[in-house]
Structure formats: structure tokens, C-alpha cells
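Below is one structure, written out as C-alpha cells; the observations come after it.
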Amino acid sequence: MKILLVISTLFFSISIFATDHTVEMKNSGKNGIMIFEPAVLKVEVGDTVTFLPTDFAHNSESIAGLIPEGATPWKGELSQKVTVTIDKEGVYIYQCLPHAIMAMIGIIVAGKPTNLADIKAKSASLRDTFATNKERLDNYLAEIDQ
């Protein structure tokens, strides 16, 4: 019985302190076209991130191999809101699949960026797929180092 009480107390304390963050999916924003705002988001494990289709024809989906090991991946539907619960510490890179070639990507940092070196090494192949905004990913990753 005591174990159940401890587990339920932990669950409710985590839920009470979790924050919901909002990221807009936009055709145009303060840092260019085909963009997520904010592009780099710092959160805590247990927080949720809601991706809002401010403009049509966008989605949000994690990129295989560019999220923390063991983290739950996601794939939102086109022009639909999607809410994701961040379940592992580290760096997550996500994209709008229809506009990935235009570097419509974003980054979530949950807690400490424990996998940043791995993300930087693996993200080179992603960068090579961009037809425009080729510097965007490097600029976002540089914000994490600060």
C-alpha cells in the first residue's frame, strides 16, 4: 500500500508541475519562410509540446535517430494540431515532412542536452537534404551550446 501511495504521489506531482508549450507551424515568421516558432524550445521531461498549424499544409514529426535513445517518436497529421509529451532528457530534432527540403525543422531540448554530440554527428546527413536554408540546422544547434 505504501508503494502505491508513493507512486501515485510522484505521478501527481509530476503532472502538477508539467508545462504545456506551444509551437506554431508557419509559412513565414521572424526567421524566414517555412518555420516553426519558436524554433528552439527548452522544456523539462514530462512537459508537453503542442504544435499548432497556424498556416495550412504543415505537420510535426520526430526524425528517426535524431531524438534521445528510448524517447517516444511522433508523427502529426497534415494541418492538424498534435500534442507530444516529452519523455526523455536530451535533444530532439523534428520536421515538417512536406517542407523538409526547405529546412522546416525545429529542436526541443529537454533538461540537459545529453545527446548533443551524437545529434550533431548524425544531423549532417539531414542537412545535406536541404535545398534552401542550409545554415538553419547549424544555427539552431549553436543556440544549444550557449
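- The two residues Ala57 and Cys96 come nearest to each other via the heavy atoms O-SG, 4.3 Å.
- Put simply, Met102 and Ile63 are part of two different groups of oily side chains (I, L, V, M, F, W, Y) that touch within less than 4.5 Å, one to the next.
- Rounding to the nearest 0.5 angstrom, the gap separating the CD1 atom in Ile33 from the NZ atom in Lys26 is 14.0 Å.
- Considering all non-hydrogen atoms of both residues, Gln95 and Leu126 come closest at OE1-CD1, 4.5 Å.
- With a 4.5 Å cut-off on side-chain heavy atoms, Ile86 and Thr48 do not count as touching.
- Counting only N and O atoms by type, the side chains of His58 and Asn27 include a donor and acceptor under 3.5 Å apart.
- No path of Ile, Leu, Val, Met, Phe, Trp and Tyr side chains, each step under 4.5 Å between heavy atoms, connects Ile67 with Ile144, placing them in separate hydrophobic clusters.
- Between atom NZ of residue Lys122 and atom CG of residue Asn115 there is a gap of 8.5 Å, rounded to the nearest 0.5 Å.
- Between Ser28 and Ile35 the shortest side-chain heavy-atom distance does not fall below 4.5 Å.
- Using a 4.5 Å heavy-atom cutoff, the side chains of Tyr94 and Ile105 are not in contact.
- At a threshold of 4.5 Å between non-hydrogen side-chain atoms, the residues Ser123 and Leu141 count as touching.
- Leu41 and Ile93 are assigned to two separate hydrophobic clusters, defined by single-linkage of ILVMFWY side chains at heavy-atom distances under 4.5 Å.
- By the 4.5 Å heavy-atom criterion applied to side chains, Thr50 and His21 are not counted as neighbours.
- You'll find the side chain of Tyr92 stays beyond 4.5 Å of the side chain of Val109, heavy atoms only.
- Panel note: side chain Ser60, backbone Phe51; no donor-acceptor pair is recorded below 3.5 Å.
- The two residues Val45 and Ala110 come nearest to each other via the heavy atoms CG2-CB, 4.3 Å.
- Side-chain atoms of Thr19 and Val43, non-hydrogen and from C-beta on, never get closer than 4.5 Å to each other.
- The closest side-chain heavy-atom distance from Met25 to Phe36 is below 4.5 Å.
- Residues Asn133 and Ala103 come closest through the heavy atom pair O-CB, 3.6 Å.
- Although no hydrogens or angles enter the test, the distance criterion places a donor-acceptor pair under 3.5 Å between the side chain of Lys134 and the main chain of Phe130.
- Rounded to the nearest 0.5 Å, atoms CZ (Arg136) and CE (Met104) are 8.5 Å apart.
- Smallest separation of non-hydrogen atoms from Val91 and Ile119: O-CD1, 3.8 Å.
- To the nearest 0.5 Å, atoms CG (Leu137) and CG (Asp128) are separated by 10.5 Å.
- Among Leu52, Ile108, Val49, the one residue that satisfies the side chain to side chain contact (heavy atoms under 4.5 Å, CB included) test with Val23 is Val49.
- Here the closest non-hydrogen pair linking Ser79 and Pro53 is O-CG, 3.6 Å.
- Taken from CD in Glu77 to CG in Asn59, the straight-line distance is 8.0 Å, to the nearest 0.5 Å.
- Side-chain N or O atoms of Asp47 include one that pairs as donor or acceptor with a backbone N or O of Glu44 at under 3.5 Å.
- Here His99 contributes atom NE2 and Asp55 contributes atom CG; the two are 10.0 Å apart, rounded to the nearest 0.5 Å.
- A 6.0 Å sphere centred on CD1 of Ile101 holds no more than 12 heavy atoms belonging to other residues, nucleotides or ligands.
- Counting only distance, with no hydrogens or angles, the side chain of Glu24 and the backbone of Glu37 share no donor-acceptor pair below 3.5 Å.
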